[in-house]
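I have placed the structure first, in the form of structure tokens, so that the comments after it can refer back to it.
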Amino acid sequence: MAEKSKMELIKEFIEKCPLLKGGKVNVDYIKEKVYSYSIDETPSVTVLQKFADGGSRRQIVFDFSIQAPFNVLETILNSKFCDDFMDWIESQNDKEILPEIEGIESISCNRGTILQTTETTAIYVIPMQVIYIKEV
């Protein structure tokens, strides 16, 4: 069996979050239905630090996107979801419950924001980062 990609391992980790309705996370694709989720890699510098032995500290930067209902009441609930998701990621990181990426040091996220809206839905984006060590 082929080795899983780092994005697939991150996807599997996020799918364990009890806050997700339905639990399925796509990669680079969000469905148009509410409570759809996706992780989408963001172009960024990969190598943060090179080591004398040839290894390096690296990062994967990505967005966790949520298609959610959009109206006055739902906006408040969606904001709470973003806060609760950020707390869950921080808690998992503190407990060292991390994606199964070799050499992983941490996973973190920032506050979610609205990317776009329609009359009935909004896509929220939560910027995230995984830091790991790549050995030679």
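The first residue of the sequence shown is numbered 1, and numbering continues consecutively from there.
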Are [Y] and [X] connected into the same hydrophobic cluster when the rule is that any two of I, L, V, M, F, W, Y join if their side-chain heavy atoms are below 4.5 Å apart?
X   : Y   : value
L77 : L19 : no
F85 : Y35 : yes
L9  : Y37 : yes

Could you tell me which non-hydrogen atom of [X] sits nearest to which non-hydrogen atom of [Y], and how far apart they are?
X    : Y    : answer
Y29  : D40  : N-OD1, 3.6 Å
V61  : S44  : CG2-OG, 3.4 Å
Q67  : K31  : NE2-O, 3.1 Å
S56  : V47  : CB-CG1, 4.0 Å
N110 : I126 : O-CG2, 3.2 Å
F70  : T118 : CD2-O, 3.5 Å

Practice item. Please list, chain by chain and in numerical order, all residues satisfying side-chain contact (heavy atoms from CB on, under 4.5 Å) with N71, sequence neighbours excluded. Key: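 Checked N71 against side-chain contact (heavy atoms from CB on, under 4.5 Å); matches are L73, E74.
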
Rounded to the nearest 0.5 Å, what's the gap from [atom1] on [X] to [atom2] on [Y]? Could you check?
X    : Y    : atom1 : atom2 : value
S91  : M86  : OG    : CE    : 13.0 Å
I101 : S5   : CD1   : OG    : 8.5 Å
I107 : Y132 : CD1   : OH    : 13.5 Å
R111 : S79  : CZ    : OG    : 4.0 Å
E105 : Q59  : CD    : CD    : 12.0 Å
I89  : S108 : CD1   : OG    : 9.0 Å

Practice item. Using the side chain to side chain contact (heavy atoms under 4.5 Å, CB included) rule, pick out the option among Q129, M7, M128 that qualifies with I60. Key: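 For I60, the side chain to side chain contact (heavy atoms under 4.5 Å, CB included) check succeeds only for M7.
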
Review point. Is the shortest side-chain N to carboxylate O distance from E100 to K4 below 4.0 Å?
Key: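 No salt bridge links E100 with K4.
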
**Study point:** Salt-bridge present (K11, E15; N to O < 4.0 Å)
**Key:**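 Salt bridge between K11 and E15, a charged N being under 4.0 Å from a carboxylate O: yes.
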
Review point. Per the side-chain hydrogen bond (donor to acceptor under 3.5 Å, both in side chains) rule, which among D84, N78, D83 passes with K80?
Key: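 Result for side-chain hydrogen bond (donor to acceptor under 3.5 Å, both in side chains) with K80: D84.
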
**Study point:** Members sharing V125's hydrophobic cluster (side chains within less than 4.5 Å)
**Key:**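 Listed partners: I30, L115, I123.
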
Practice item. Can you spot which of F13, F64, F81 makes a ring pair (Phe, Tyr, Trp, His ring centres under 6.0 Å) with W88? Key: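 By the ring pair (Phe, Tyr, Trp, His ring centres under 6.0 Å) criterion, W88 pairs with just one of F13, F64, F81: F13.
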
Check your understanding: How about S65 and D63: does a side-chain donor come under 3.5 Å of a side-chain acceptor?
Key ->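 S65 vs D63: no donor-acceptor pair found between side chains.
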
Exercise for review: Decide if atom CD of E102 counts as having more than 12 heavy atoms of other residues, nucleotides or ligands within a radius under 6.0 Å.
Suggested key: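 No - once you tally the heavy atoms of other residues, nucleotides and ligands closer than 6.0 Å, there are 12 at most.
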
**Study point:** Heavy atoms from other residues, nucleotides or ligands near CD of E32 exceed 12 (cutoff 6.0 Å)
**Key:**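 Counting other residues, nucleotides and ligands, CD of E32 stays at 12 neighbours or fewer.
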
Exercise for review: Kindly indicate, with the supporting measurements, whether the criterion side chain to side chain contact (heavy atoms under 4.5 Å, CB included) is fulfilled by F51 and I133.
Suggested key: CA-CA 10 Å; F51 304 134; I133 301 294; 3.8 Å; yes

Review point. Would you say the side-chain atoms of N26 pair up with the backbone N or O of S38, donor to acceptor, closer than 3.5 Å?
Key: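 Judged by distance alone, no pair lies under 3.5 Å.
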
Review point. So do I10 and V25 actually touch side chain to side chain, heavy atoms under 4.5 Å?
Key: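 No, side chains not in contact.
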
Exercise for review: Check the pair E8, V27 against side chain to side chain contact (heavy atoms under 4.5 Å, CB included), reporting the backbone distance first and the verdict last.
Suggested key: CA-CA 8 Å; E8 186 174 359; V27 177; over 6 Å; no

Exercise for review: Go through the steps to decide whether F62 and D28 satisfy the test side chain to side chain contact (heavy atoms under 4.5 Å, CB included), and finish with yes or no.
Suggested key: CA-CA 10 Å; F62 61 98; D28 294 330; over 6 Å; no

